[in-house]
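Worth saying up front: this structure is predicted, and the values here are computed from it rather than measured.
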Amino acid sequence: MARYLITSAIPYINGIKHLGNLIGSQLPADLYARYLRQRDHEVMFICATDEHGTPAELAAANANKPVDKFCAEMHKIQKDISVGFYLSFDYFGRSSSPQNHKLTQHFAGMLDKAGLIDEVTEKQIYSKIDQRYLPDRYIEGTCPNCKYENARGDQCEQCTKQLNPTDLLNPRSAISGSTDLEIRETKHLYLKQKSLKNKLDDWISGKENWPILTTSIAKKWLHDGDGLQDRGITRDLKWGVPVRKGKDIWPGMENKVFYVWFDAPIEYIAATNEWSDSKNLPDHHWQRWWRTDMGAEDVQYVQFMGKDNVPFHTLSFPATIIGSGEPWKLVDYIKSFNYLTYDGGQFSTSQNRGVFMDQALEILPADYWRWWLLSHAPENSDSEFTWINFQAGVNKDLADVLGNLVSRVTKFCKSKFGEVVPEGGSYGADEEKLISDLQTRLSNYEMLMEKIEIRKSAAELRALWVLGNEYLQIVAPWVVFKESPDKAAVQIRLSLNLIRIYAIISAPFIPDASNKILESLHTDDRSWPTNLRVSLSTLNAGHIFTVPEVLFAKISDESRKEWEKKFGGVID
RNA sequence: GGGCCUGUAGCUCAGUUGGUUAGAGCAGAGCGCUCAUAACGCUUUGGUCGCAGGUUCGAGUCCUGCCGGGCCUACCA
């Protein structure tokens, strides 16, 4: 038994996330966490909402709500949806928690003590109407290069030229449209990442088994141009973690907060603290996951995230950890994902294009989404969601291969022997071959799950299901029964036990269906089939079961067409 | 502009350090079965591996160039 700390990138608070966000971190992390728990490892699986930053303030203003209230509501909504998808977080925290405030301020204090904080006075654009400083991309104007009128302050989307906000002609606030902008001086804290560059470089260089996607992004930031740059870690906002040196006031920084990307990863730690507090456990319960001086040396820490999050997890968060000089746990493995696209384009909140997590649960059970998304996880490149592929995958894999297998075995048994595991007969060559084939595939499945090869794991699991159908077809109990009921009995007894095993090994992908199968088999023995022969004789003759309802109803062409239309978004 | 990823059968994708006739699932075709959600099993048709060069006894795999798709490029998160 080993100990695994698993974190999923924390979803931003400003709205309900779409399927791309789900498959980009939370769902694969859940798959891994569930698998490891089933293999009897000790798991701490952490997620949270990322609640700070300009977009959160604007979304709250847009909803006409105070930002703290807005965040609390959105957190509740996101949490409920995660329950709906059976995401098995040990704790789903909030980056606005008191624990995170304290810890973020603590890290800042330690970094300052280590001489890793610079105070920098810089010029920023202030909008009087909006009463706020504007981040570069919240300033719009005419591109000096191509004259595009809706260029953003960081980059012109039309000619792709990188810009400074002061380059724009006729600049205006993207929030209010106000042109009453002025340049003001403001002081900010910078984390001196430059001076940590060599340590970070050495650390990354040692991670030879990390996905290329992860290390190539990190190395690019480390080595491109002038190399890793110092990074501003404070902002002129009201909502956020107030700037402090540990518990002390930071002179000159009274009305500022930490930058969301400084406090967000610290929330992984803080959320574990929230977890222990929620259970009234003393601090060492969370510290044994995070402090190598408090028992975390043997913890394997695995992070899941979309590719856009990689620089923060490979560079700035480790810089915070290393720079603190304290024995905090660094990540051991980063699994990063490309994007899921929707019918050839991007998922888009503003254009109402694509499927959002709440909508997905309204039209189909979570397992349908879990299975399709995981079996098409964008591991090596962006992958595309299309309704026709979704329908085909779900119908074939879940309804036909697995669902129908459960159905044919249980119904056949009921009609010939009743709803009870039949007695009699013994294994022959066909049964021995099945066990041998199962063993080969199961070992492969376990190996792939351990390596977090998600699509390959899904394919192997499906191949395991297929073995059940193949076996039934070969032994044909419906024929055998006429001549020798005993022989049919052992075949069906084995098949019922096989279904139980499928329920167990499939649980990381489709936990709900897995539970339904086990319930209908009237068993709650979920132990992993480490010994197949033993595991296949768990349900003994005489054991009562109930034929389950249809596990997976097929998606009809009508439904699929309706959803294509409904979720297609605005057609240009 | 720069960097990275990516292009393999109609579709979704595998193809280990270059090694014999390029694989799987789906879709298509044929056969079988009738226990089952018109489900299942078996067989089978599909590929100048984006294009053009190069290295090599040998290239899907390595190199160069070009073309297409995507992401990132540090104040969105």
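If you check every strand for non-hydrogen atoms under 4.0 Å, A:E470 touches sugar and phosphate atoms only. Heavy atoms of A:G227 sit under 4.0 angstrom from at least one base atom. Among the protein residues, A:V406 comes within range of no part of the nucleic acid, since none of its heavy atoms lies under 4.0 Å from any strand. No contact: A:I388 has no heavy atom under 4.0 Å from any strand. Among the atoms of the strands shown, only primed sugar atoms or phosphate atoms (P, OP1, OP2) are found under 4.0 Å from some heavy atom of A:D50.
The base of B:C75 sits within donor-acceptor range of the side chain of A:E122, with an N or O pair under 3.5 Å. Scanning atom types as modelled, no donor and acceptor separated by under 3.5 angstrom connect the side chain of A:N404 and the base of B:A39. Checked by distance alone, A:W221 brings no side-chain donor or acceptor within 3.5 Å of a matching partner on the base of B:A74.
In this view, A:S97 and A:E274 satisfy the side-chain hydrogen bond (donor to acceptor under 3.5 Å, both in side chains) rule, not counting sequence neighbours. Listed by chain and residue number, A:D154, A:E157 satisfy the salt bridge (charged side-chain N to carboxylate O under 4.0 Å, His left out) test with A:R152 (two or more places apart in sequence, or in another chain). In terms of the side-chain contact (heavy atoms from CB on, under 4.5 Å) criterion, residue partners of A:E185 (sequence neighbours excluded) are, by chain and number, A:T121, A:K123. With sequence neighbours excluded, the residues forming a salt bridge (charged side-chain N to carboxylate O under 4.0 Å, His left out) with A:K554 are A:D400, listed by chain and number. By the salt bridge (charged side-chain N to carboxylate O under 4.0 Å, His left out) test, A:D308 is found to be paired with no residue, residues two or more places apart in sequence or in another chain being considered. In this structure A:Q391 satisfies the side-chain hydrogen bond (donor to acceptor under 3.5 Å, both in side chains) test together with A:D557, A:R560, sequence neighbours excluded. In this structure A:D430 satisfies the salt bridge (charged side-chain N to carboxylate O under 4.0 Å, His left out) test with no other residue, sequence neighbours excluded. Under the rule for a ring pair (Phe, Tyr, Trp, His ring centres under 6.0 Å), the partners of A:W371 that lie at least two apart in sequence or sit in another chain are A:W465, A:F509.
Atom NZ in A:K220 sits about 5 Å away from atom C1' in B:U73, given to the nearest Å. Atom CG of A:N380 and atom P of B:G15 are 7 Å apart (whole Å).
RNA chain B is contacted by A:R455, A:K456, A:R462 of residues 440-465 of chain A, taking any non-hydrogen atom closer than 4.0 Å.
Side-chain atoms of A:E51 and A:T49 form a donor-acceptor pair, as typed in the model, at a separation below 3.5 Å.
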message: I need a per-nucleotide contact map over nucleotides 27-35 of chain B, read 5' to 3'. Cutoff is protein heavy atoms under 4.0 Å; write B for the base, S for backbone only, - otherwise.
response: -----BSSB
- request: Represent RNA chain B in dot-bracket notation, 5' to 3'. Only Watson-Crick or G-U wobble pairs with both distances under 3.5 Å count; pseudoknot-style crossings use [ ] and interstrand partners use |.
  value: (((((((..((((.....[...)))).(((((.......))))).....(((((..]....))))))))))))....
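Salt-bridge annotation for A:K307 and A:D382: present, with a side-chain N of the basic residue lying under 4.0 Å from a carboxylate O of the acidic one.
The phosphate of B:C75 has neither OP1 nor OP2 within less than 4.0 Å of any side-chain N or O from A:N164.
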Side-chain donor/acceptor pairs under 3.5 Å, residues 470-482 of chain A, sequence neighbours excluded:
| residue | atom | partner | partner atom | Å |
| --- | --- | --- | --- | --- |
| A:Y471 | OH | A:E431 | OE2 | 2.5 |
| A:Q473 | OE1 | A:R408 | NH2 | 3.2 |

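Closest contact between the side chain of A:Y339 and the listed nucleotides B:C13, B:C72, B:C76 involves B:C72.
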